[in-house]
Structures are given as C-alpha cells and as structure tokens.
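Notes for the one structure printed next.
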Amino acid sequence: MGKVLMKGNEAMALAAIKGGCDAFFGYPITPQNELPEYLSKHMQANGRVFVQSESEVAAINMVYGAAGAGARVLTSSSSPGIALKQEGITYIAGAELPAVIINVMRGGPGLGGIQPSQGDYKQITRGGGNGDYYLYSLAPESLQEAVDLIKESFEIADYYRNPVMIAVDGLIGQMMEPVDFDHEVKKWDLKPKDWVADGDRKSHPKNIINSLYLDPTDLENHNLKLKKKYDDMKANHQRYEMINMENAEIAIVAFGSTSRIARTAIQLLKEQGVNCGILRPITIYPFPEKAFKELPKEVKDLVVVEMNTGQMIDDVKIATMGTHNIHFYGRVGGIVPEAEEIVDAVLKARGESNE
Amino acid sequence: MSNTKIVYEKSKALEDVHLSYCPGCTHGVIHKLVAESLVELDILDRAVGISSVGCSALNYDFFTCDMQQAAHGRAPAVATGIKRFKPDSIVFTYQGDGDLGSIGIAEAIHAAHRGENMTIVFVNNAIYGMTGGQMAPTTLIGQKTTTSPEGRTEAQAGLPLRIAELMATIPGATYIERVSVHDPKHVMKAKKALKKAFEIQKNKQGFSLIEFISTCPVNWGMTPKKAVDWAVDNMIPYFPLGVYKDKLAGENK
C-alpha cells in the first residue's frame, strides 16, 4: 500500500481495523472525534460493529460485554471521558478481558481544555480505577509508531487478557503524517479463547465472565494471579528507545509528542557543543526501568520533560534510586513546549550541576 | 418402578445449587420462570445472562447458560456489547430496582432507544435488598427504609418511579409489561409475559422488558405471607399490572 498521508485520529482508527478490531464502542469528545467518525463509516462497511453509546460509562461496559463474548474491542476517548471509563476498565481488568483503549489526552483537571496534554500520566500508569491492576500502556511519538503499536495492541491485550492503553495527546490525534499501514508487527503466542461467554454452548461448556470474589482467599489468589501478569510485563516487555546516548553528557527523559520535540532540542544543543541524549519510554506502564541501567556513566543529570507538572518524575526517581540529579521542565494547559525551551532547560540543568 | 413417570422436575436451565435468596423472597420464582422460558423456547444453548449488582449479583452461579457479571446498572450496556457482536445469541439482563431504576436508568433507556434485541428481567421490590434495606427509586410514599426511617416523603425524595410506564414511552421499545408473582394465577401470567418477551427476541423483533412486582420480607420487616399481602395491597395499586407497550400489536395500552 505504501505510505499515505493521514490525520492522526483517522490513522489510529484504520490501524485498529488492520489490527483485527471486531467492535468499537465510544462517545464523542474532542480532540479524538475523527477516530469514531472514521470507524462509523469503515467498521460497518466491513461487517464489524460500531455503536455510538449514550455515555463513556456505557461505552466501556459495552466493551466489557463484547470482549467477554470474544471480540477484539476498541474504545477511544479523551481525558475526562477516560476518567468516566475507569469504572468499566477496572471491571475489564478484574474479569481478565482483552480490550484496547485509546486516550487522546487533553488538558485538565475537570473540563480543562481541548489542547494537547500528558496530564493523565499518573491515572494511566497506576491503573486508574479501584483495586490492584495495571494497564499495559504504550505512548507512541509519531503516527507511524501509533499505527504499529495499535495493530500490535490487540495481540498484547489478547495475550495478557488485560486492557491495553494507547496514550497519545491531542497533537498526535490532530497532526498529519505519512504512514505505512503494512508494517509487520509482532505476533504474540495466543491461546484459543476458550473462556468466552457468548452463548454458544454448542462450542464450549458454560463460561462465566466475572470480577466478584466474595471469599477473601479467592480474591487474594485472584489478585496474585493478576500480579503475575504485571510482573511478567515488567520483566519481559518494557519498551524504550535510547536516542543519541553514545557520548552523551546529559539526557532528557520524555515520552510521546514531547520526545519528538526533544529530538529537535538535542540537535540545537549539538550546535552549542552539548551532547544530550534522550531516554524515551515507549511503555509508560511497565515503566522502562531497564533503560536507566543503560545510561552512560557520564550522564549524571536527567531532565524530565513533560506536558504536565511533573507526573513522571516519581517513576524516574524510582528507576534511578538516587543515582542521578533529576531536573524537570514542563508546559501545561495545552501549551506545547518549544524545542528552544527544552534547550534552555537542559543548559540550566547542566549549569546547575557544574556550579 | 417402571410405571413411575416424571411429571415435574427442576428446569435444566437452573444449576443444582442453593440460591442465595432469603426465605419468602420471590427471586426464586422469577428465576424459575426465566429458566423454564429458555428451555421451552429451545434457546438455552445460545443464551447469555447478565447478572447485575444487588441481590441477584450471584445468579451467574444459578443459571446453566453462559453468564456475564456487570457493574451496577450497566447490564444493558454489557448486553449490547454481546448482542452486537453475537446477533444470534439470546441475551437477557436480570436487574433490580436500584440497579435499573436508579444508577442504570440511562443504560436501560438507551438500550430500548436503540431497539437492542434483548430482554430485561426487571425485579421491583421497592427497596435495596443486598445493601440492607435502603430507599429505592420505587420505594412507596410512607414506606420505611434505612434511609427513609420515618417513611418516604415526596418533599424529601420525590414520588416513586414507574419503570414500565417510563420505558413504554421509548419509541425503540417493542414490548413492555408489568407482572406479579404473588399467587399461582399471576405466576402463570408472568411466565406467559416472559415467554412472549423471549419469543420477540428469538424472532429478532427487538427490545422487551418485563417488570416483576416482587417482595423483600427481610428488609420490609414482614413475614413472607404478610409481605405478599403488602405487595398486593400497596405496590400493585401504585404499579398497576398490564401490558404497557406492544409494538407488534400495533397499539399501546
């Protein structure tokens, strides 16, 4: 098919179709509307399910039902809508159902704004709803990466029987880039879905989809079973990219759109004779702690750059355990940092540590 | 014993387990009617039931068909997800008055509004049973509950919500009826209504809801017999029995 120029939200929608998405349930919210709009046309044309629900709460519970019946299911929303979906997300995780959730983040708290933000970092990386669970969370920095990860996310969700969150911001949703939809993505080793409750009793014995365990011992065992999945994600499926890290003297830690801007910043820094690397988390859960072990010895200062007030700092501190000086630069409210601002932040951090 | 024959047995749509309901509660009768309807219409082997939150939360262990347990009030949304993906399945939700009438009213209305081809079994006992007897949207004026200790008043809590009447106003709904299970005659009538609802779904004719007037002796603070009498004397006058919508008959009652 070659590369096609597409808007982010539409490209992500098409990626879901390419990833084998059987059903979409969602509710309108800016800045992700082009995604359900695209699917409303193309899912039904392909004999797949599209429903515009009465609310985000209903949408995520439709996801639960369809996932429980064996479908590859997608929902998408933006920050306030994702907050509403937390009820269903914790049930989906608790009942061990696969689902893909795209969050095109906008500024908050409350109704906030409709411009790009990374303000849901904590909510995404801590589970988000009630109880002990996590979402495998991917934060692509380009449309190509978003498309590739969305295609693969259905595999990951099926593999773990756990929701996968695609965490992007309004910038990725709204921008246009050339994308190749035919990239091969990793096929995971998937077992047949013999657990589905779809009513087809001619094919399988009675199945129950459930997250209720009234006996404390049963619930503890269930919690420990879930924990094993999260431990496996941490041990085997951290993803990250080290950019310009060879000979780096200082490094930026940034994900998603922000890392994209940091790429420009490190070019500008090079012109000033400063060799700066980027540690780019691709999974924000599990947080790529392994990447921090690979930092060159010369790098003593890390500049965390985000479109929030520093939500990732805690994870960076946990990953480094006091071995590095942690600096921070962030813009909020829907303001996207300029590369020059990031340059200044790096120079300031470097100056501080040279004092 | 070759001359013996079985004239009655437990429905094969019910598991051979103790139900979790209190003595005198009518959930058991309603479960039996659901089970018998599924068997008699030969749809048990493609049925998915949705347990809700409330006294019937554990009924995924009671029916022998596939079951999904839903969050409080969300059963019609869960049912929508299943039904849209598996249009040939038979999907029913089993919900109480708090679940459907309060927290899940939007999901119930919009499932009807979209004309989802599903059946809602709605059990109205005018109280939150599972959580210990709090006021429900269907609690009657003057009825004492743990959150209306002096009896419900219109000024403080509004008038009780009539779900069957409300749902009958939704253009997308196909069949809405309110029934009771307080005596054998009404049990037979209720079964007829439920079978009709499932038949409509089997024929892919759309959304049906059957409201059951039910009792809660424990939280009402009555003996089972007195509770039945109270339902007849107090609930049925406010929640009249009957067909509220039958799109297939081409007219509303």
Side-chain angles (χ1 to χ4, degrees), chain A residues 21-25 27 43-44 47-73 75 85-92 94-95 97 99 129-130 195-214, chain B residues 12-13 15 20 38 43-53 56-93 103-114 116 118 130 201:
Chain A
C21 176
D22 297 303
F24 175 91
F25 306 94
Y27 184 81
M43 288 292 276
Q44 290 170 103
R48 307 188 200 192
V49 176
F50 174 92
V51 178
Q52 180 172 318
S53 63
E54 63 270 33
S55 67
E56 284 90 350
V57 175
I60 195 69
N61 283 286
M62 291 174 188
V63 169
Y64 177 100
R72 282 191 159 180
V73 200
T75 188
K85 286 191 164 110
Q86 295 302 336
E87 175 195 83
I89 296 172
T90 174
Y91 275 74
I92 291 168
L97 298 176
N130 64 296
W195 44 264
V196 300
D198 60 352
D200 186 5
R201 291 294 305 285
K202 291 190 172 105
S203 319
H204 58 77
K206 175 183 176 181
N207 282 323
I208 299 170
I209 302 297
N210 181 33
S211 66
L212 178 65
Y213 296 85
L214 288 175
Chain B
K12 66 172 180 163
E15 300 278 4
S20 52
L38 294 174
I43 50 176
L44 179 62
D45 65 357
R46 54 192 178 109
V48 191
I50 320 295
S51 310
S52 56
V53 172
S56 59
L58 298 168
N59 69 8
Y60 51 78
D61 281 335
F62 305 158
F63 293 107
T64 58
C65 57
D66 276 353
M67 296 293 293
Q68 293 202 21
Q69 206 287 326
H72 200 21
R74 315 302 176 217
V78 171
T80 299
I82 300 166
K83 191 75 183 195
R84 291 293 185 112
F85 180 56
K86 294 280 178 183
D88 292 329
S89 61
I90 297 292
V91 179
F92 70 93
T93 72
I103 193 167
I105 193 71
E107 283 76 10
I109 286 175
H110 282 273
H113 161 62
R114 288 187 303 268
E116 299 292 346
M118 62 167 71
M130 174 65 103
Q201 184 180 169

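Proteins get letters first, then strands, A, B, ... in listed order; numbering begins at 1 in each.
With a 6.0 Å radius and a threshold of 12 heavy atoms from other residues, nucleotides or ligands, A/Phe50 has its CZ atom above the threshold. The neighbour count for B/Lys12 NZ, taken as heavy atoms of other residues, nucleotides or ligands under 6.0 Å away, does not exceed 12.
The parts of A/Ala58 that come within reach of chain B are both its backbone and its side chain, each placing non-hydrogen atoms under 4.5 angstrom from that chain. Both the backbone and the side chain of A/Tyr64 come within less than 4.5 Å of a heavy atom in chain B. For A/Val196, the part lying near chain B is the backbone, with the side chain staying farther off; criterion is any non-hydrogen pair under 4.5 Å. The part of A/Leu214 that comes within reach of chain B is its side chain, from C-beta onward, which places non-hydrogen atoms under 4.5 angstrom from that chain. Both the backbone and the side chain of B/Ala71 have a heavy atom closer than 4.5 Å to some heavy atom of chain A. Residue contact with chain A, scored on non-hydrogen atoms closer than 4.5 Å, involves the backbone and the side chain of B/Asp61 alike. Heavy atoms closer than 4.5 Å to chain A are found nowhere in B/Ile50, neither backbone nor side chain.
Minimum interatomic distance between A/Ala69 and B/Ile82 (heavy atoms only, all atoms of both residues): CB-CG2, 4.2 Å. Residues B/Ser89 and A/Asp198 share a closest heavy-atom pair of CB-O, 3.6 Å. Here the closest heavy-atom approach between residue B/Phe85 and residue A/Asp22 is recorded as CE1-CB, 3.7 Å. Closest approach of B/Arg74 and A/Val57 over heavy atoms only: NE-CG1, 3.1 Å. Closest approach of B/Tyr60 and A/Leu212 over heavy atoms only: OH-CD2, 3.6 Å. Between A/Asn61 and B/Ala77, the closest heavy-atom pair is CB-CB, 3.8 Å.
Separation of atoms NE2 (B/His110) and CD (A/Gln52) is listed at 11.0 Å; rounding is to 0.5 Å. Summarising the geometry, atom CE belonging to B/Met67 is positioned 11.5 Å from atom CD1 belonging to A/Ile209; distances are rounded to the nearest 0.5 Å. Considering CD1 of A/Ile208 and OG of B/Ser51, their distance stands at 8.0 Å, rounded to 0.5 Å.
Among A/Arg48, A/Lys202, A/Glu87, the residue with the largest count of heavy-atom pairs under 4.5 Å with chain B is A/Glu87. Between chain A and the residues B/Pro76, B/Gly81, B/Ala75, the most heavy-atom pairs under 4.5 angstrom are made by B/Gly81. Chain B forms the most heavy-atom pairs under 4.5 Å with one residue out of A/Gly70, A/Pro205, A/Gly88, A/Ala23, and that residue is A/Gly70. Taking A/Ser53, A/Ala66, A/Ser55, A/Ala197 one by one and counting their heavy-atom pairs under 4.5 Å with chain B, the maximum is reached by A/Ala197.
Proximity of B/Arg84 to A/Val51: side-chain heavy atoms (C-beta onward) are separated by under 4.5 Å at one or more points.
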Inset, instruction - Check step by step if side-chain contact (heavy atoms from CB on, under 4.5 Å) holds for A/Glu54 and B/Arg114. - result: CA-CA 10 Å; A/Glu54 63 270 33; B/Arg114 288 187 303 268; 2.8 Å; yes
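B/Asp66 contributes a side-chain N or O that, together with a main-chain N or O of A/Asn207, makes up a donor-acceptor pair within less than 3.5 Å.
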